[in-house]
Amino acid sequence: PYPEVLPIMHAAPPGSVFTVVREALGADLLACQLWLVDYPQLALHSVDDATRPEAQPLNEGLAGRVFTSERPAITFADATTDAYLPVNDHGTRIGVLHVQMADTLADSAIRQLQTIAEALGQQIAAANRFTDHFERARRSRPLTVAAELQWALLPATAHRDPRFSLAGFLEPAYSVAGDAFDWSIDADTLTLVVCDGTARGVPAALATTLCISALRNARRVPVGLADQAALA
């Protein structure tokens, strides 16, 4: 019953991709909430600016279990359907979509909701290049300038491939300075980089930014590892 949602979402302005999903789910929609994980991955925060419900700790509640397991949770009660669906982008966990419908949904409709949640994750990842809307929602407190530099520098923080899976994380999340990682996948090669710029605060972040940028520049020529290191 929801085939029109995907094209509407793809055509939406970057900051409105969730809003148009909520509007397109129709008159049977009782509730719809998007929860995004915060930087230290301790809690889920709502993107609803109007109600702004309290954050949900990942170690409590159904939404947290769905996020950590990456498995949907569907419940039926009083002719309604509650669906908690993981919102990911190619292996990077972004959050959880909660949808409550005034109907007992068939399996085909639930599969469509899962497809919508997956597409929403990819749209949010793309939208972050154009809008601060989703970034603001997932911050429980401000990042330092050094941390802003470091998080912007990173590639995707996780990826799944038939041959491997990887994930990276920065801590202390809101004030990290010189620590960073990078990775790139070619046809048959996975390149991994882990580095730590000397000094503290912004100087460390700038040193690491320069190092990672030099490595990427050399890698894209392309040249071998020794020449990449030499340029860095």
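Quick note: residue numbers are just sequence positions, from 1.
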Between [X] and [Y] (side chain of the first, backbone of the second, donor and acceptor by atom type, cut-off under 3.5 Å), is there such a pair?
X	Y	value
Thr92	Ala156	no
Arg160	Ser165	no
Asp78	Thr80	no
Thr131	Ala127	no
Ser175	Thr144	no

Going from [atom1] on [X] to [atom2] on [Y], what distance comes out if it is rounded to the nearest 0.5 angstrom?
X	Y	atom1	atom2	value
Arg139	Tyr174	CZ	OH	8.0 Å
Met101	Thr81	CE	OG1	8.0 Å
Gln112	Asp107	CD	CG	11.5 Å
Gln122	His10	CD	NE2	8.0 Å
Leu170	Thr157	CG	OG1	9.0 Å
Thr191	Asp182	OG1	CG	9.0 Å

Exercise. Under 3.5 Å, is there a donor-acceptor pair linking the side chains of Tyr2 and Thr115?
Worked result: no
Answer with yes or no whether the hydrophobic clustering places [X] together with [Y]; edges join I, L, V, M, F, W, Y residues whose side-chain heavy atoms lie under 4.5 Å apart.
X	Y	answer
Leu34	Tyr84	no
Phe130	Leu36	no
Val20	Phe18	no
Val176	Ile212	no
Ile124	Leu6	yes

[X] versus [Y]: any side-chain heavy-atom pair under 4.5 Å?
X	Y	value
His98	Ser46	no
Leu113	Ile74	no
Ile116	Val99	no
Pro40	Glu171	yes
Gln228	Val223	yes
Arg163	Leu190	no
Leu153	Arg216	yes
Thr209	Gln150	yes

What are the two closest non-hydrogen atoms of [X] and [Y], and how far apart are they?
X	Y	answer
Val87	Ala117	CG1-O, 3.8 Å
Pro57	Ala55	CD-O, 3.6 Å
Leu215	Ala229	CD2-N, 4.1 Å
Ala158	Gly91	CB-O, 3.4 Å
Phe181	Pro155	O-CD, 3.3 Å
Cys195	Thr208	SG-CG2, 3.5 Å

For this session: List the steps, then state whether side chain to side chain contact (heavy atoms under 4.5 Å, CB included) holds for Val21 with Val5.
Result: CA-CA 6 Å; Val21 167; Val5 176; 4.2 Å; yes
Exercise. Can you say whether the rings of Tyr39 and Trp151 are parallel (under 30°), tilted (30 to 60°) or perpendicular (over 60°)?
Worked result: perpendicular
Problem set entry | Leu44 and Leu58: CA distance, side-chain angles, deciding distance, side chain to side chain contact (heavy atoms under 4.5 Å, CB included) verdict | CA-CA 7 Å; Leu44 294 166; Leu58 287 187; 3.5 Å; yes
For this session: With side chain to side chain contact (heavy atoms under 4.5 Å, CB included) as the test, would you mind laying out the steps for Phe134 and Ile94 before giving the verdict?
Result: CA-CA 10 Å; Phe134 301 107; Ile94 294 176; over 6 Å; no
Problem set entry | Stepwise side chain to side chain contact (heavy atoms under 4.5 Å, CB included) check, Arg93 with Val37 | CA-CA 8 Å; Arg93 303 178 191 188; Val37 69; 5.8 Å; no
Problem set entry | Heavy-atom neighbours of His90 NE2 exceed 12 at 6.0 Å | no
Exercise. In terms of heavy-atom contacts, does CD of Glu4 have more than 12 from other residues, nucleotides or ligands at under 6.0 Å?
Worked result: yes
Seminar exercise, completed: Here the salt bridge (charged side-chain N to carboxylate O under 4.0 Å, His left out) pairs for residues 22-43, sequence neighbours left out, are Arg22-Asp48
